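Chain letters run A, B, ... following the sequence lines, proteins first and then strands; every chain starts at 1. Quantities reported herein were computed from a predicted structural model and do not represent experimental measurements.
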Protein chains: 2
Amino acid sequence: MEINDLPKLHSDFSVDCVVFGFDKGELRILLIERAEEPFKDYLALPGNLVYDNENIDQAANRVLTELTSLNDVYMEQLYTFGDVNRHPQGRVITVAYFSLIKVKKHTLNPLSTYAKKAQWCAVADLPPLAFDHQLILEKAYKRLQNKIRYQPIGFELLPEKFTLSQLQQLYEVILEKPIDKRNFRKKILSFGLLIELDEKQKNVSHRAAKLYKFNKTRYNNLKKMGFSFEL
Amino acid sequence: MEINDLPKLHSDFSVDCVVFGFDKGELRILLIERAEEPFKDYLALPGNLVYDNENIDQAANRVLTELTSLNDVYMEQLYTFGDVNRHPQGRVITVAYFSLIKVKKHTLNPLSTYAKKAQWCAVADLPPLAFDHQLILEKAYKRLQNKIRYQPIGFELLPEKFTLSQLQQLYEVILEKPIDKRNFRKKILSFGLLIELDEKQKNVSHRAAKLYKFNKTRYNNLKKMGFSFEL
DNA sequence: GCAAAAGTGTTAAAATTACACCCATGA
DNA sequence: TCATGGGTGTAATTTTAACACTTTTGC
């Protein structure tokens, strides 16, 4: 069942997912192109109704899995949007989720009837979105900007193996400000949360950078002991 | 209409409010005592269904106003709880709100049928709560502990005029750790957000402390210019 | 005069900032 | 050999942390 098939609703719950990715030096989100009214042909956040027999978190995971075939991604509840008039066809309260995924790791699935296709769009340069999805995105982006400074979630957006410059660029793009290279490296390495690999970049026309992995196990242990990551 | 009057529900929205206050050196929350099943005689967070024609924020404000006759208090959305089985009589998705109020400023209103009375309870020493309200409270308490360090919301819990020791005690209670008096004063005064009044404590059997007011106007201006409060 | 909380500065240690050059690689 | 990004250290400044005694007031 799809929201648009319904006549005037009493009230319904949906979930909408703000799925961030990082690719070609830009922060992107996953949007679908709507095939039906209202907001036909607009871009929108992927979302769906919450089934009677599933928890809200499950519904959000389901939406994401249908799109990407990925489980096991970083996901958290963002905020609930429920203004009386946010949906033109009746009251739909939507719980927005916030997700970070590794773009390269998967391809996008073909979609059901209500959406033509899913695509990665640069956050910096978006057309108007359907419903109040612009508002939801803004809230999500602020959350990302805040959270990345005091939780090591940036790694969720990078490949398993990454260079320090990639990591720095990610922070610069998200925080929208330049960062000093030497100070950044000193700080990020001082946490002892990066594993230096015996491997380097390949096929780059300059000195190849070392690759690193994030040590999640160690982070979880340190966190239990009161350690706090803070950039 | 009240949740408990309903037969098996399809799905409904409610709001629940975690209302913090600070009194007699303790952090407290406002709880009601339930007069009806389920969870008869348990303490619970004040809450109610969201009407079809009101926004969620409005519903939360309504619940709080019915209890305290106070508008114009600090309130923000906390988190949405919607597990299938969180309510024994059917699916109720609840949007939890988080509120800070000045305890002394008002008295509690008499309540409608479903609750016997409202009371302030010390957070440190609570009996089991109805539904999943324990979980909601824990989330709210963590939010308060985090937020108080980087936003000047502590003042919402104190009287208009307060002493630096009261402010320090508030931080100590919420953060659950002792703070050095001299360092605390230096830091908090360095923001230039406190107005020193020409007034002192009365009727204390020790040296009377100066009273201060929080300069909200100045904070709002500074915030616009990128200033960030951080304890 | 005594109990109880108010008020007040300094010093050492740690964290942050600013800043510039040589290195390795592929084209 | 040149263009491109990789990689590295130090010094000045700012921030934080630790710490103890005198003052005022009511009883």
Q.
Return a single string for nucleotides 19-27 of chain C, one symbol per nucleotide in 5' to 3' order, where B is base contact, S is sugar-phosphate-only contact and - is none, cutoff 4.0 angstrom on heavy atoms.
A. BB--BBBS-
Quick one: list whatever passes ring-ring contact (aromatic ring centres under 6.0 Å, His included) with [X], sequence neighbours left out.
{"X": "Phe81(B)", "answer": "Tyr79(B)"}
{"X": "Tyr97(B)", "answer": "none"}
{"X": "Tyr74(B)", "answer": "none"}

(Q) Once side chain to side chain donor-acceptor pair (under 3.5 Å) is applied, what residue pairs with a partner in residues 207-216 of chain A remain, sequence neighbours excluded? (A)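 For residues 207-216 of chain A, and leaving out neighbouring residues, the side chain to side chain donor-acceptor pair (under 3.5 Å) pairs sorted by first residue read Glu156(A)-Lys216(A), Glu196(A)-Lys210(A).
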(Q) If the condition is salt bridge (charged side-chain N to carboxylate O under 4.0 Å, His left out), which residues does Asp41(A) pass it with, not counting sequence neighbours? (A)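 Once residues adjacent in sequence are excluded, the partners of Asp41(A) under the salt bridge (charged side-chain N to carboxylate O under 4.0 Å, His left out) criterion are Lys116(A).
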Between [atom2] on [N] and [atom1] on [X], what's the gap in Å once rounded to a whole number?
{"X": "Leu211(B)", "N": "dT25(D)", "atom1": "CG", "atom2": "P", "value": "14 Å"}
{"X": "Leu164(A)", "N": "dT8(D)", "atom1": "CG", "atom2": "C1'", "value": "12 Å"}
{"X": "Leu231(A)", "N": "dA15(C)", "atom1": "CG", "atom2": "P", "value": "15 Å"}
{"X": "Ile179(B)", "N": "dT16(D)", "atom1": "CD1", "atom2": "C1'", "value": "14 Å"}
{"X": "Ile188(B)", "N": "dA17(D)", "atom1": "CD1", "atom2": "P", "value": "14 Å"}
{"X": "Phe184(A)", "N": "dA18(C)", "atom1": "CZ", "atom2": "C1'", "value": "18 Å"}
{"X": "Arg185(A)", "N": "dT17(C)", "atom1": "CZ", "atom2": "P", "value": "18 Å"}
{"X": "Leu167(A)", "N": "dG5(D)", "atom1": "CG", "atom2": "P", "value": "18 Å"}

**Q.** Side chains of Arg86(A) and His133(A) in contact at under 4.5 Å (non-hydrogen atoms)
**A.**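 Arg86(A) vs His133(A): side chains touch.
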Q. With nearest nucleotides of DNA chain C determined for Lys187(A) and Gln201(B) from heavy-atom distances, which residue corresponds to the more 5′ nucleotide?
A.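 Checking each residue's closest nucleotide, the 5'-ward one belongs to Gln201(B).
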Q.
If you compare every side-chain N and O of Ser165(A) against the phosphate oxygens of dG6(D) (OP1, OP2), does one of them come in below 4.0 Å?
A.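 It does, given that an N or O in the side chain of Ser165(A) lies less than 4.0 Å from OP1 or OP2 of dG6(D).
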